[in-house]
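Scope of the values below: all heavy atoms of this structure, side chains included, with no hydrogens, waters or symmetry mates. Note that this is a predicted model, so its numbers are computed, not measured.
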Amino acid sequence: MMEKFKNALNAHGLKATRQRMAVHKAMLELGHASADMVSGYISGTGEVKVTVASVYNILSQLASIGIYKRRTSANNKMYFDVNNRRHIHLYDSFNNSYRDVFDDELLKAVDEKLRKKRFKGYKIDAVDIQIICHPSHRKAPQSF
């Protein structure tokens, strides 16, 4: 996985710095994360020193070249998603956390419906489904 990441960096003229490698390693572990979360993870490993601002810049740069996807939560915090496979997100608005849902049948149904639909003056670039939810039990889970 890290070799594929290095190749993607090289393809975009970027070096596989220790900071970029640490950020990617953290993202692989966390899945969906904010710069604060990634910075905290890296700090906990003691591998490399990197500021939250640098982590945010690295995450943004990697999202700009398509390695990660950006997600804005309901609390207006920027999260990044390491999973580039097409999927749906469940967003837990109580815990501000994301969970991936893979449902090719639902995505296919949405695509078929939208193929027949026209929005005057617009062309669809992509479909991004986010289902906003909250824990259904009194004792809320910490994460999915």
Side-chain angles (χ1 to χ4, degrees), residues 1-117 119 122-137 139-144:
M1 198 64 140
M2 296 306 269
E3 199 59 39
K4 185 178 177 182
F5 177 66
K6 287 179 185 179
N7 291 339
L9 290 175
N10 287 335
H12 289 91
L14 299 172
K15 293 182 191 267
T17 64
R18 289 180 38 196
Q19 290 84 2
R20 285 187 185 119
M21 298 303 290
V23 165
H24 188 62
K25 184 176 178 183
M27 283 300 296
L28 290 174
E29 192 63 34
L30 299 169
H32 301 92
S34 66
D36 293 334
M37 294 165 70
V38 172
S39 179
Y41 181 92
I42 293 170
S43 179
T45 66
E47 285 182 36
V48 65
K49 297 240 187 254
V50 62
T51 65
V52 175
S54 292
V55 168
Y56 182 80
N57 290 337
I58 290 169
L59 289 167
S60 293
Q61 182 182 48
L62 296 176
S64 294
I65 62 174
I67 293 175
Y68 304 141
K69 299 287 185 197
R70 288 180 178 89
R71 304 232 43 94
T72 304
S73 67
N75 65 348
N76 288 322
K77 191 167 195 169
M78 180 64 66
Y79 286 78
F80 295 85
D81 184 1
V82 72
N83 187 345
N84 279 323
R85 181 176 162 219
R86 189 164 183 225
H87 60 283
I88 299 165
H89 284 101
L90 280 182
Y91 174 69
D92 177 343
S93 60
F94 184 83
N95 293 297
N96 291 310
S97 60
Y98 289 92
R99 179 179 178 183
D100 291 339
V101 175
F102 298 96
D103 187 332
D104 292 335
E105 186 178 323
L106 177 58
L107 289 170
K108 182 179 178 184
V110 169
D111 287 344
E112 287 173 3
K113 178 74 174 176
L114 288 174
R115 238 190 312 275
K116 299 172 191 170
K117 186 92 173 138
F119 300 97
Y122 292 94
K123 184 173 178 155
I124 297 172
D125 295 322
V127 175
D128 182 10
I129 300 173
Q130 177 168 290
I131 300 168
I132 301 169
C133 58
H134 66 275
S136 57
H137 303 292
K139 185 177 179 188
Q142 293 303 307
S143 64
F144 292 104

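In terms of heavy-atom proximity, L14 sits nearest to Q61 at CD2-NE2, 3.5 Å. In plain terms, the two heavy atoms of V48 and I42 that are nearest each other are O-CG2, 3.5 Å. Here the shortest heavy-atom pairing between D92 and P135 reads OD1-CD, 3.6 Å. Across every non-hydrogen atom of R70 and S60, the tightest pair is NH2-O, 3.1 Å. Here the closest heavy-atom approach between residue V52 and residue S39 is recorded as CG2-OG, 3.4 Å. When every heavy atom of Y41 is checked against every heavy atom of L30, the shortest pair comes out as CB-CD1, 4.1 Å.
No more than 12 heavy atoms of other residues, nucleotides or ligands shown are found within 6.0 angstrom of CD on E105. Heavy atoms from other residues, nucleotides or ligands lying under 6.0 Å from CZ of F119 number more than 12.
Residues V101 and I129 are not in side-chain contact: their nearest non-hydrogen atoms beyond the backbone lie 4.5 Å or more apart. Side-chain contact between V82 and H24: present, with at least one pair of heavy atoms (C-beta onward) separated by less than 4.5 Å. Put simply, the side chain of N96 reaches to within 4.5 Å of the side chain of Y91, judged on heavy atoms. Counting only heavy atoms from C-beta outward, the side chains of M21 and F5 approach each other to under 4.5 Å.
Taken from NE2 in H134 to CG in N95, the straight-line distance is 11.5 Å, to the nearest 0.5 Å. The CG atom of L114 sits 10.5 Å away from the NZ atom of K116 when rounded to the nearest 0.5 Å. If you take NZ on K49 and OG on S43, they are separated by 7.0 Å, rounding to the nearest 0.5 Å. Atom CE of M27 and atom CE of M37 lie 8.5 Å apart (nearest 0.5 Å). Here the OG1 atom belonging to T45 is positioned 6.5 Å from the NZ atom belonging to K25, to the nearest 0.5 angstrom.
Between the side chains of N83 and Y68, no donor N or O sits under 3.5 Å from an acceptor N or O.
For the salt bridge (charged side-chain N to carboxylate O under 4.0 Å, His left out) test with R86, the passing option among D111, D103, D100 is D111; the others fail.
A distance-only check finds a donor-acceptor pair linking the side chain of S93 to the backbone of C133 [under 3.5 Å]. A distance-only check finds a donor-acceptor pair linking the side chain of R18 to the backbone of E47 [under 3.5 Å]. Between the side chain of D81 and the backbone N or O of R71 there is no donor-acceptor pair closer than 3.5 Å.
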Mind running side chain to side chain contact (heavy atoms under 4.5 Å, CB included) on T17 and L9 for me, showing each step along the way?
-> CA-CA 10 Å; T17 64; L9 290 175; over 6 Å; no

F80/I67 under side chain to side chain contact (heavy atoms under 4.5 Å, CB included): CA gap, chis, key distance, verdict = CA-CA 10 Å; F80 295 85; I67 293 175; over 6 Å; no

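Between K77 and D36 there is a salt bridge, with a side-chain nitrogen of the basic residue lying less than 4.0 Å from a carboxylate oxygen of the acidic one.
Checked against the 6.0 Å centroid threshold, Y79 and H32 do not count as a close aromatic pair.
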